[in-house]
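Since this is a predicted model, take the numbers as computed values, not measurements. Every number for a ligand or one of its atoms is a count from 1 in the order of the listing.
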Amino acid sequence: MKYIAWMALALAGTSSLAMAKTPDPAVADAAVRAAATVKAMNPDEKTVLTHGIMAMPLFPGMQMPADAILGAGYVAGVPRLNVPALKETDASLGVAWVGGMRHDGATPLPSGLAQAATWNPEVIRQAGAMIGSEARAKGFNVLLAGGANLMRDPRNGRTFEYLSEDPWLTGTLVGAAIAGIQSNHIISTIKHFALNDQETGRNFVDSRITEPAARESDLLAFEIGIERGQPGSVMCGYNLVNGHHDCDSDWLLNTVLKHDWRYQGFVMSDWGAVPTLSTATNGLDQQSGAQLDPQVFFAKPLADAAAHDAATAVRLDDMNKRILTAIYAASIDKNPPTPGGTIDFAADGAVALEAAKQGIVLLRNQGGILPLTTGARNIAVIGSYADTGVISGGGSSQVDAPSGPAVRVSRGGEGPLADFMQQHYHSSSPIKAIKALAPGADIHFRDGNYITDAVTAARKADVAIVFATAWRTEGEDVPDLSLPHGQDELIAAVAAANPHTIVVLETGGPVAMPWLDKTAAVIEAWYSGGRGGEAIASVLFGQTNPSGRLPVTFPASLDQLPRPKLDGLGEIEDANAHAAPAGVQLAANYDIEGSDVGYRWFARTGAAPLFPFGFGLSYTSFTTNGLALHGLDASFTVRNTGKLAGADVAQLYLVSRGGAPKQRLVGYARVALAPGASQKVQLTIDPRLLADWHNGGWDIPGGDYGFALGNDAQHLGPKVTVAMAARHWTD
Ligand code: BGC
């Protein structure tokens, strides 16, 4: 069933290209209406939709418009022409909490990586639909969601918000998230366009990359995401690409997005990402959070420029037309949100719970210690506020339940934005959930602050479960992949004291595991969202058979990465500073790996990671075989060879081209199977995944193409070779 839903979505994604490429009748109608509205606008009205404020009391005495909602942004409407105001909230992982300023809350989903670990577009589409419905009930009509940046560096502080290191996985999943959000008459963004792949010096770091490498990696993830999700808006990022700010890049915005991909929606800036008025000519349509920029360029300065220059006047009309096209295509004028609407938190929590369960990855299970049996036993649970809740990631994407965070760990700071730098734990206690599943067990919680104390508890127990957290946030990268606060030492000591030690990782990305060999089991629970405690317990006790697969490579050491040292880390004191310190020029050279991001880099270098992309264990076993290819159509069979029901994620990789090794994920399917059952899977490979970007288009060199099924990117089945004819085409 799940597979059928996945295929339906895949087909829907290829047949309806509304905002981009093939004109869609609904968008074509919206564009016609938009052009008529632009004609009816007077000059003063033409710069209303082109700029907005950050809708928060940023400065003493700042007045918010009467109809604005505390949130990320507000763009006034044009009531005379029945154009609604745009009310924007961050929403990648749920409707954002904005430091609790609104005194409400929302359903926190698991992190982006956790959702991506489901490899299940349908779960992600449902999560998006849930966010959209909660946003409507709070009065928002634009959601700042759809984080699609690839993980080029596991130290990126925002890794938890994004999805993966692969363009196909990211593109298909982000498209599903956006489609779900927009099913509610809401505009969603896809962000941060493009190559916004580190937080250190994020306002001035220059991502250097050749065009082919960009087109085959980060840009391809956006291209696929836009085709499938049809976001009304694209948010340009803070960083520069090849010397130009994202929001001031004629190449990114005009050439790639609007010309080559024929994107008809609008480009909004990230908050504080607009350096000059030239951004208007270079493709930016709307200046967001304009108080954060050096000037409100897209108000009077833009109106003045349009009054004196015919080309700017034409461009201003185009900006309005694009914003209005998105408004009309989502029909937010005719189906306005319903502030004060009821939210079914129980139903929405079930969506978050399902995503968390499917996203948990079983990394190690020595001697089948998991699942734990529900019989009485003595269990020591150690660390990370496991008695109270599960950790979440920080920054603008932070979501909290209506009751607020269960635990806040302050990082210091003051003022209205200080809350953004606190670590929040959701009120979903793993211990409570464990107790519910093992009512006869004797469960002891130790906070893990003192190793001796934890070791004493572990010695007395049959099983020790150590919870370990690694908090990440927007605005700063992590210096290395260790677990902070001495947790690596804690785990090593507990594992030495009790051979039945199970580690539950709650991390925002890959971590090193120097203690791995000493443990009995490890699960990666990521930031598991508002029902995370229950999801973790249900995996530990086998109510859920783990089916998550890593959407990113866990390196064995930083030396294996293309950049063992993250550019600027340790040198730029304030990762968020607006300008580089005098004399500093910060660049990230992405040409080292080019389009071979993540597992493709490991395939190229031959390095053995700690855990490969695609890896994940199950309580049952599967075989995947019978790979047959007819041109781009692949088929194979997945069989559950074990004794328990479970889901496998079949992965199809290109492994060679013209006889030379070349690895790329070209298809995947999550298949749920009863014991002994099997299912035939059919996939159609997107030809861009086999191609190189060459001479302004995609190029498939003629020759032999080798494919293999993989349990993960490193463990591959037999190769099947197919001859492909040479082909060149443009987007
Ligand atoms: C982030 C965006 C976010 C915006 C509005 C920025 O700092 O980079 O992802 O949507 O703030 O909150």
Side-chain angles (χ1 to χ4, degrees), residues 51-58 68-75 86-102 106 111-112 131 135 138 140-149 156-163 174 177-178 181 186-205 207 222 225 231-240 245-247 266-274 284 286-293 393-400 416-417 419-421 472-477 508 574-578:
H51 64 95
I53 56 164
M54 186 162 190
M56 282 181 203
L58 287 179
I69 309 171
L70 272 164
Y74 173 86
V75 178
L86 301 181
K87 298 174 188 176
E88 303 167 327
T89 177
D90 279 295
S92 292
L93 310 175
V95 180
W97 168 249
V98 283
M101 288 182 216
R102 232 177 22 242
S111 62
I131 304 173
K138 292 173 186 295
F140 293 105
N141 53 17
V142 178
L143 300 198
L144 314 176
N149 298 97
N156 181 356
R158 295 188 91 168
T159 298
F160 75 93
E161 279 185 59
Y162 301 139
L163 294 165
V174 80
I178 294 164
I181 288 173
I186 277 183
I187 295 173
S188 175
T189 61
I190 188 168
K191 67 186 185 181
H192 309 88
F193 192 63
L195 292 143
N196 187 179
D197 297 341
Q198 71 172 56
E199 289 298 278
T200 303
R202 67 177 180 171
N203 291 303
F204 49 85
V205 61
S207 304
F222 276 91
S233 183
V234 171
M235 185 191 291
C236 48
Y238 285 123
N239 56 294
L240 291 79
H245 278 98
D246 272 6
C247 297
F266 70 103
V267 179
M268 72 164 75
S269 70
D270 201 340
W271 273 232
V274 183
L284 180 67
Q286 189 180 69
Q287 184 181 8
S288 315
Q291 317 101 306
L292 305 180
D293 291 320
S396 58
S397 69
Q398 175 81 57
V399 183
D400 278 292
L417 299 184
D419 196 292
F420 284 95
M421 292 314 275
R472 300 220 186 172
T473 183
E474 175 182 343
E476 62 185 48
D477 297 319
D574 175 5
N576 268 314
H578 254 272

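- Residue contact check: Arg202 has heavy atoms under 4.0 Å from atoms 7 (O), 8 (O) of ligand 1.
- With sequence neighbours excluded, the residues that form a ring-ring contact (aromatic ring centres under 6.0 Å, His included) with Tyr162 are His192.
- At the top of the distance list for atom 3 (C) of ligand 1, counting protein heavy atoms only, stands Asp90 OD1, 3.2 Å.
- Residue Gly147 comes nearest to Val174 through the heavy atom pair O-CG2, 4.0 Å, listed as atom of the first residue, atom of the second, then distance.
- Nearest-residue assignment for atom 11 (O) of ligand 1 (options Val98, Asp270, Thr189; heavy-atom criterion): Asp270.
- Residues Arg158 and Asn156 share a closest heavy-atom pair of N-OD1, 3.0 Å.
- Closest non-hydrogen pair, Lys138 versus Ile69, comes out as O-CD1, 3.3 Å.
- Backbone and side-chain nitrogen or oxygen atoms of Trp271 are examined, and none is located within less than 3.5 angstrom of a nitrogen or oxygen of ligand 1.
- Residue Met235 has at least one heavy-atom neighbour below 4.0 Å for each of these atoms of ligand 1: 10 (O).
- For the residue pair Gly237 and Asn196, the shortest heavy atom distance occurs at CA-OD1, 4.0 Å.
- Using a 4.0 angstrom heavy-atom cutoff, Glu474 counts as in contact with ligand 1.
- Lys191 and Asp90 are joined by a salt bridge, as a carboxylate oxygen and a charged side-chain nitrogen come within less than 4.0 angstrom of each other.
- Of all atoms in ligand 1, numbered sequentially from 1 with element shown, those under 4.0 Å from a heavy atom of Lys191 are 2 (C), 3 (C), 9 (O), 10 (O).
- Atoms of ligand 1 found under 4.0 Å from any heavy atom of Leu144 (numbered from 1 in listed order, with element): 5 (C), 10 (O).
- The protein non-hydrogen atom at the shortest distance from atom 9 (O) of ligand 1 is His192 NE2, 2.7 Å.
- Looking at Ser288, its side chain does come within 3.5 Å of a backbone N or O of Ser269 through a donor-acceptor pair.
- Contact analysis leaves Glu161 out of contact with ligand 1, as no non-hydrogen atom separation drops below 4.0 angstrom.
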